[in-house]
Amino acid sequence: MTTDTLLNLILPDHCVLCDQLLLPRPDHLICDFCRLDLPHNRHSCPACALPLAPQEVHCPGCPTHPECLSLAALRHEHTARFLVHRFKFQHSLRAGQVLAQTMAEHAQQIYGSATTLPEALLPVPLRPWSEFRRGYNQARWLAVYLSRALHIPVIDILQRTTATPPQRQLSKAARLRLPVNTFTVQRPLQEKHVAVVDDVLTTGRTTNVIRTLLKTAGAARVDVWCATRALP
């Protein structure tokens, strides 16, 4: 009997979503049915990551060939919304692992080759009080997992300088008024192609502000990687 088989018998795993027993222990923490049921965002606008109809190639008003890509592995609905809530507010790192695994697979499908992946990952910083209360920054947690899966270093050079209210408490208009000086970059960037990592892409204002800062700091291309994409 192998060590893995013995471990499965003594400490069987359960699906994060439906609690079904997982035998044998899979690479993913959800069962095959729940994995298929995830609201995957496979065909999305390369500029804003909103889901597209099969015949569309980009959103109206978005560039056909954007300089920077925006990726969101899942639509922010149903089981994906549940996973994000458990990850952020119920301290479920298992839910975070499902999100991170899905992000890694999505990135590999979109980029196609390791040579085209970003040179570094930059997590969006939390407000200090939010990170203290939660115990971790969910964006950095995702970035570290992606770093190990895709062999891309994480660089923590973004700093939040203004304590803005949580985004979920703001209207869309208020989110779009996010001050440009909310973040700073602590050093010039030697890496020319980087990706900003966050959990949910909503209006894109936060990542647009960060993109501008990183390009000023020396980056030529700043992609955005998120676990889920909020729908209009």
Side-chain angles (χ1 to χ4, degrees), residues 28 34-84 98-124 139 142-143 145-147 149-152 167 171-173 175-178 180 189 191-216 218-232:
H28 284 260
C34 288
R35 190 176 178 189
L36 289 172
D37 194 48
L38 286 173
H40 293 280
N41 191 28
R42 292 192 176 96
H43 182 53
S44 60
C45 177
C48 70
L50 279 173
L52 298 173
Q55 70 277 10
E56 295 178 321
V57 293
H58 61 90
C59 292
C62 285
T64 308
H65 301 288
E67 295 180 359
C68 304
L69 290 177
S70 293
L71 311 181
L74 302 167
R75 303 186 303 275
H76 191 72
E77 58 185 5
H78 311 313
T79 50
R81 185 197 299 268
F82 176 75
L83 286 169
V84 170
V98 175
L99 294 170
Q101 286 175 330
T102 309
M103 290 175 70
E105 291 171 356
H106 188 70
Q108 287 172 320
Q109 291 168 0
I110 295 296
Y111 286 88
S113 167
T115 59
T116 60
L117 286 168
E119 300 168 62
L121 303 176
L122 290 83
V124 174
L142 291 171
Y145 187 99
L146 291 165
S147 172
L150 301 175
H151 310 291
I152 306 172
Q167 295 283 289
S171 65
K172 179 179 179 179
R175 293 180 185 190
L176 291 172
R177 292 195 297 268
L178 181 74
V180 176
L189 271 170
E191 300 82 359
K192 296 303 179 184
H193 180 195
V194 300
V196 177
V197 178
D198 206 358
D199 54 346
V200 183
L201 179 59
T202 308
T203 62
R205 175 59 178 171
T206 297
T207 51
N208 285 339
V209 166
I210 292 174
R211 266 178 170 160
T212 301
L213 287 172
L214 293 177
K215 286 189 173 184
T216 302
R221 173 173 166 178
V222 183
D223 294 345
V224 171
W225 290 10
C226 292
T228 67
R229 180 55 159 105
L231 305 179

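FYI, the numbering just counts along the sequence from 1.
- Taking all atoms of both residues into account, the shortest heavy-atom contact from Glu77 to Pro39 is O-CG, 3.4 Å.
- Nearest heavy atoms, His193 versus Thr116: CE1-O, 3.4 Å.
- Salt bridge Glu105/Arg35: present, at least one basic N to carboxylate O contact under 4.0 Å.
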Can I get a per-line list of side-chain donor-acceptor pairs under 3.5 Å for residues 57-65, giving both atom names and the distance, sequence neighbours left out?
{"unit_1": "His58", "atom_1": "ND1", "unit_2": "Cys62", "atom_2": "O", "d": "3.0"}
{"unit_1": "His58", "atom_1": "NE2", "unit_2": "Thr64", "atom_2": "OG1", "d": "3.2"}

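- Of all non-hydrogen atoms in Gln101 and Tyr145, the two that sit nearest each other are CG-OH, 3.0 Å.
- Using a 4.5 Å heavy-atom cutoff, the side chains of Ile152 and Leu146 are not in contact.
- For the atom pair OG1 of Thr207 and CG of Leu214, the computed distance is 10.5 Å after rounding to the nearest 0.5 Å.
- For the side chain to side chain contact (heavy atoms under 4.5 Å, CB included) criterion with Arg229, the lone passing option out of Leu74, Leu50, Leu71 is Leu50.
- Rounding to the nearest 0.5 Å gives a distance of 8.0 Å between CG of Leu52 and CG of Asn41.
- Across Ser147 and Leu121, no two heavy atoms sit closer than the pair N-CD1, 3.9 Å.
- The two residues His76 and Arg81 have their closest heavy-atom pair at O-NH2, 3.4 Å.
- The shortest side-chain heavy-atom distance between Tyr111 and Leu150 does not fall under the 4.5 Å cut-off.
- Here the CG-OG1 distance, from Leu231 to Thr202, works out to 10.0 Å after rounding to the nearest 0.5 Å.
- For the pair Val222 and Arg211, the tightest heavy-atom approach, listed with the atom from each and the gap, is O-NE, 2.7 Å.
- Taking 4.5 Å as the limit, some side-chain heavy atom of Leu83 sits within range of a side-chain heavy atom of Leu38.
- Cys226 has its side chain out of reach of Val200: every pair of non-hydrogen atoms, C-beta onward, lies at least 4.5 Å apart.
- With contacts defined as side-chain heavy-atom distances shorter than 4.5 Å, the pair Leu142/Asp199 qualifies.
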